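See structure below.
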Amino acid sequence: MRIAIINLKGGTGKTVTAVHLAAALAVQGRTLLVDADPQGSALSWSEEAEGLPFAVVGLPVRNLHTRLNDLLPGLTHVVVDTPPGDRAIVRSAIAAAEVIVVPIAPSIIDLDRLRPTLDLIAEVDAISPSRAFVLLTRVRAATRSGRLAREILADVGGVALLDAQIALRESLSTSFGTIPSGDNPYQIVLDELMAKELAA
Ligand SMILES: Nc1ncnc2c1ncn2[C@@H]1O[C@H](COP(=O)(O)OP(=O)(O)OP(=O)(O)O)[C@@H](O)[C@H]1O
Ligand SMILES: [Mg+2]
């Protein structure tokens with residue numbers, strides 16, 4: 001499976017999502033995490049955390065969709081972490097992926113800024129269709145914000161909202177540079193993505 005993690009807004013949980021999904025995928029087969037963010041957060045993460053169960057390469061380029069083809073032989077899964085703001089790189093990551101995951105916190109600011117990302121997905125999908133899913137992250141337990149965000153996102157066209165969500169967790173806020181543990185909270189996200197892909 002080729003998954004791109006995108007959101008044109010910064011700080012929405014893309015890199016945390018990319019690393020943890022790659023760790024969950026690595027249990028199933030040879031997985032590569034492509035860091036397409038020129039800031040190189042995922043690459044730095046892999047420098048800190050020696051022994052990640054997948055390889056990480058930096059490829060902050062605008063022709064990912066063609067460059068990935070050279071890397072694919074021998075790989076079962078590829079996850080692409082993308083930068084905020086760089087539309088050309090994000091566009092090429094969308095074109096390179098079968099599945100798009102858009103992590104977003106259930107805050108009004110983040111929800112309000114989602115439209116440009118959805119428009120970009122729609123623009124690229126007109127040429128090379130993928131399947132796009134919004135993932136709620138940093139959801140505070142027992143608060144209204146998560147439920148409210150679900151209601152708002154249910155009415156947004158073009159993408160599906162995943163049932164699986166990621167809670168606001170101290171262990172994830174401090175996870176930079178660490179190896180995802182056995183009880184990876186992103187496993188349920190992967191299970192749902194896999195089920196949806198099989199059903200598609
Ligand atoms: N579920 C979570 N619970 C608590 N903190 C989280 C969670 N997910 C992400 N964070 C924290 O939120 C911040 C932003 O996450 P991350 O770096 O993954 O976002 P990003 O979208 O990759 O940012 P950028 O756009 O700058 O690349 C980080 O400090 C991270 O540790
Ligand atoms: Mg990032």
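All values below come from the heavy atoms of this structure, side chains included, with hydrogens, waters and symmetry mates left out. Residue numbers start at 1 and run along the sequence shown. Quick caveat, the model's predicted, so the values are computed rather than measured. For ligands, and for the atoms within them, numbers begin at 1 and follow the listed sequence.
Counting the atoms of ligand 1 from 1 in the order shown, those under 4.0 Å from a heavy atom of Gly10 are 25 (O). Of all atoms in ligand 1, listed by their number and element, those nearer than 4.0 Å to a heavy atom of Thr12 are 19 (O), 20 (P), 21 (O). Listed by number with element, the atoms of ligand 1 under 4.0 angstrom from any heavy atom of Thr15 are 18 (O), 20 (P), 22 (O). Taking a cut-off of under 4.0 Å to the non-hydrogen atoms of Asp37, the atoms of ligand 1 that pass are 27 (O).
Under the 4.0 Å distance rule, the nearest protein heavy atom to atom 13 (C) of ligand 1 falls outside the cut-off. Atom 9 (C) of ligand 1 is approached by the protein to below 4.0 angstrom, counting heavy atoms only. Protein heavy atoms are absent from the space less than 4.0 angstrom from atom 29 (O) of ligand 1.
Using a 4.5 Å heavy-atom cutoff, the side chains of Val102 and Leu114 are in contact. Side-chain atoms of Leu136 and Ile166, non-hydrogen and from C-beta on, never get closer than 4.5 Å to each other. A heavy-atom distance below 4.5 Å is not found between the side chains of Arg91 and His65. Taking 4.5 Å as the limit, some side-chain heavy atom of Leu172 sits within range of a side-chain heavy atom of Pro185.
A salt bridge links Glu192 with Lys196; the closest basic N to acidic carboxylate O contact falls under 4.0 Å. A salt bridge links Glu123 with Arg87: the closest approach of a Lys/Arg side-chain nitrogen to an acidic carboxylate oxygen falls below 4.0 angstrom. Note on Arg131 versus Glu197: salt bridge recorded, some NZ/NE/NH1/NH2 to OD/OE distance being below 4.0 Å.
Under a 4.0 angstrom heavy-atom cut-off, Ile166 registers as being in contact with ligand 1.
For atom 18 (O) of ligand 1, the closest non-hydrogen atom of the protein is Val16 N, 2.9 Å. Taking atom 24 (P) of ligand 1 as the reference point, the nearest protein heavy-atom neighbour is Gly11 N, 3.5 Å. Of the protein's heavy atoms, Gly13 CA, 3.7 Å lies nearest to atom 16 (P) of ligand 1. Of the protein's non-hydrogen atoms, the one nearest atom 20 (P) of ligand 1 is Lys14 N, 3.4 Å. Closest protein heavy atom to atom 7 (C) of ligand 1: Arg138 CG, 3.4 Å. The protein heavy-atom contact nearest to atom 31 (O) of ligand 1 is Ser173 O, 3.1 Å. Looking at atom 4 (C) of ligand 1, its nearest protein heavy atom turns out to be Arg169 O, 3.1 Å.
When non-hydrogen atoms are compared, ligand 1 lies under 4.0 Å from the backbone of Ala167 (N, CA, C, O) but not from its side chain.
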- I would like to know whether Val16 and Phe176 meet side chain to side chain contact (heavy atoms under 4.5 Å, CB included); could you show each step before the answer? CA-CA 8 Å; Val16 166; Phe176 178 85; over 6 Å; no
- Quick one: do Leu135 and Thr17 satisfy side chain to side chain contact (heavy atoms under 4.5 Å, CB included)? Show the steps, please. CA-CA 9 Å; Leu135 169 67; Thr17 298; 4.1 Å; yes
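Among the candidates Val79, Leu43, Val61, Leu64, the single residue satisfying the side-chain contact (heavy atoms from CB on, under 4.5 Å) test with Val34 is Leu64.
Inclusion of Thr15 in the first shell of the Mg ion (ligand 2) is supported: an N, O or S atom falls under 2.8 Å.
Linking Ile, Leu, Val, Met, Phe, Trp and Tyr whenever their side-chain heavy atoms come within less than 4.5 Å puts Ile100 and Leu111 in one cluster.
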